[in-house]
Amino acid sequence: MYGFPPAIAVGVLVGEGLGPASARGFLVAAVLVLLAATRAGSGWRAVLVLVGLALLACGLERRALDGLVHSALTRPIADRADAEIRGRLVGDPDGSRWTTRVLVRVDDARLVGRASGAAVATPDRGRVIQVGRTVLVVASDGAASRLVVLSSGDRVTLVGWLRPLDGFDRRWRWRHAVARFDARDLRAASSSSAPIDSIANMARGAVLRGADLLPATERALVAGFLVGDTRDLPDDVLAQFRDAGLSHLLAVSGANLAFVLALVGPVLRRLRRSPRLVAIVAVVAIFGAMTRWEPSVLRAGAMVSVAVFAAHIGRPARGVRVLALAVSGLLLVDPFLLHSVGFGLSVGATLGITLLAAPCARRLRGPRWLRDSLGTTLAAQVGVLPVLVPVFGSLPLVSIPANLLAVPLAAPLTIWGLVAGAAAGVLAPPAPGIAEVLQIPTLVLADGVLGIASAAATVPLAVDAEALGVAIVGAGAIAAAVGMVRATRRDRRMLARRGADQPSQRLPAR
């Protein structure tokens, strides 16, 4: 089971190298191999399962890539056609009233003409095509000012023109975007009719409404801590958190979900087993929709779902086993997650904490709370190294002390921000004074985190990828040498004890 994620990752990478295709052969082969694994002996079963998962992942990756290049929009994209699209916002619009970007899941499109002004062929003019694909919408001028105030899940009708993703926009294909749509007009907009979107947007608004009483920077920071919304956080503050190694605090993670489950815990404990399972999954789904399904929330939600389902069927699982199952399921559902930096950092940090936090804490000296905090921080930093260094090229040395200072403030800021934010949002209209008092602890905690990030960012010490690689190799060599010396000494002691336990034998006299 622990080999599932690596096997799936290898399959995804192989599928990407082979390129887009329907990949029916790979999928059929994967099913046959997995069926054969159910009848194989214990020696071959694990090998066949890993091979089957790799084939399955390879086929799913190739099908996902095929969906990017072959769709109902393929010809209009190549023609850079003018179109009117109808669809649903995937995430919140990001930008300003002059330029705004957002992903839109397009239900259907009506072709109008070519972007160059020349008319399209007569059969295509005015034709409505069913799409079912995602596009990156870039709105400007009047369309941007109207689009930027909408929320995830809202339905829109936009007029503009299609064109292929190029340059920096190509990164959006890992979010399943097949094209860029330059919108010049927002014809219509309406709220989502899906219950989960309505509930999530209502809860999100209630939590963030209370933060309106805070100064702009603190308000944006609280939004980042609570729901992962950093759109209004100034660029220099984002840079400070990145240079201090504290960017993970601005991404909603499993800790936030744990706080939410703890808040609703008294209600959940009153339910029977089956209704409790349904209620937990519902809370996870609503929280995921509130945070716009950040990659780290996907990982945390999947782990919670796996853990509670395993406990429900009487086979509780913990730690690495839960993580392996959750990651495997997510990568099979969406192979493109392998290219998500946020997903990789979340998985790496969780794996590091699961495997190394307790051993690190046991080997440290000092008070229990300090050993636990330092052990968790060290374990998380080791876990994210394989993702952090290749992507960003260096590791800030100040990140460990900065995390030791900032992380203890993150928990109360998140918990109090959720509770006080919702209460202040309700009390602000009739009793603004009480609402402001409720937000005083939030303001103090937010200023504390901002101060730590600002001070830590001024420390210029960092280790680049080459130096870190040399250090890791050197540390590995030293650890191997120490291990060999200890093993040799242990073998000598064992031989000495055995010699002492055996009775001496005298040679017979001649």
Side-chain angles (χ1 to χ4, degrees), residues 73 76-77 80-106 109-110 112-117 133-192 197 201 204-205 208-209 211-212 214-224 227-242 247 250-251 291-292 294 342:
L73 290 178
I77 293 169
R80 298 175 180 258
D82 282 338
E84 178 184 272
I85 64 173
R86 295 192 308 161
R88 180 178 61 88
L89 299 187
V90 181
D92 294 316
D94 185 13
S96 64
R97 61 178 183 174
W98 293 282
T99 303
T100 297
R101 291 170 175 258
V102 66
L103 290 174
V104 173
R105 180 72 174 181
V106 181
R110 184 172 66 87
V112 178
R114 293 188 189 276
S116 61
R133 290 290 189 271
T134 301
V135 298
L136 170 65
V137 171
V138 180
S140 57
D141 300 331
S145 61
R146 297 172 60 194
L147 187 63
V148 74
V149 299
L150 300 181
S151 299
S152 177
D154 290 347
R155 302 195 62 81
V156 294
T157 301
L158 295 160
V159 175
W161 61 283
L162 293 158
R163 62 167 168 158
L165 293 169
D166 55 12
F168 196 60
D169 288 338
R170 283 183 59 81
R171 76 189 192 279
W172 291 95
R173 65 192 180 116
W174 303 126
R175 300 280 301 276
H176 299 275
V178 300
R180 169 171 166 165
F181 186 81
D182 289 338
R184 58 177 179 268
D185 188 22
L186 175 61
R187 289 279 176 85
S190 60
S191 299
S192 173
D197 288 331
N201 287 336
R204 180 185 175 100
L208 296 181
R209 197 175 299 117
D212 291 340
L214 300 173
T217 301
E218 285 81 356
R219 180 173 65 247
L221 180 70
V222 170
V227 295
D229 186 356
T230 60
R231 291 175 296 168
D232 296 330
L233 205 60
D235 291 339
D236 59 333
V237 176
L238 287 171
Q240 289 174 357
F241 273 79
R242 183 176 60 251
S247 297
L250 302 176
T291 57
R292 309 322 187 201
E294 290 277 337

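- Residues that satisfy the salt bridge (charged side-chain N to carboxylate O under 4.0 Å, His left out) test with E218, not counting sequence neighbours, are absent from this structure.
- For the side chain to side chain donor-acceptor pair (under 3.5 Å) condition, the pairs that include at least one residue of residues 176-185, sequence neighbours left out, are R163-D182, D169-R180, H176-D334, R180-D182, D185-R187.
- Under the rule for a side-chain hydrogen bond (donor to acceptor under 3.5 Å, both in side chains), the partners of D92 that lie at least two apart in sequence or sit in another chain are R204, R292.
- Applying the side-chain hydrogen bond (donor to acceptor under 3.5 Å, both in side chains) criterion to R86, with sequence neighbours excluded, gives D108.
- Of all the heavy atoms in A179 and I77, the pair that sits closest is CB-CD1, 3.3 Å.
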Pairs under 3.5 angstrom only: tabulate donor-acceptor contacts from the side chains of residues 142-151 to other protein residues two or more places apart or in another chain.
unit_1: S145; atom_1: OG; unit_2: G142; atom_2: O; d: 2.8
unit_1: R146; atom_1: NH1; unit_2: L186; atom_2: O; d: 2.6
unit_1: R146; atom_1: NH2; unit_2: L186; atom_2: O; d: 3.1

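- Remark: L103 engages V90, T134, L136, W172, R175, A177 in a side-chain contact (heavy atoms from CB on, under 4.5 Å) (not counting sequence neighbours).
- Residues passing the salt bridge (charged side-chain N to carboxylate O under 4.0 Å, His left out) test with R219, sequence neighbours excluded: none.
- By the side-chain hydrogen bond (donor to acceptor under 3.5 Å, both in side chains) test, S192 pairs with D197, sequence neighbours left out.
- Listed by chain and number, the residues in a salt bridge (charged side-chain N to carboxylate O under 4.0 Å, His left out) with R133 amount to none (sequence neighbours excluded).
- Counting only heavy atoms from C-beta outward, the side chains of V222 and L208 never approach each other to under 4.5 Å.
- Residues passing the salt bridge (charged side-chain N to carboxylate O under 4.0 Å, His left out) test with R155 are D107, sequence neighbours excluded.
- Residues satisfying the side-chain hydrogen bond (donor to acceptor under 3.5 Å, both in side chains) test with R231, not counting sequence neighbours, are D229.
- A search for ring pair (Phe, Tyr, Trp, His ring centres under 6.0 Å) contacts involving W174 returns F336, H339, not counting sequence neighbours.
- Taking 4.5 Å as the limit, every side-chain heavy atom of V104 sits out of range of all side-chain heavy atoms of F181.
- Looking at heavy atoms from C-beta onward, D236 lies in side-chain contact with P234 at the 4.5 angstrom threshold.
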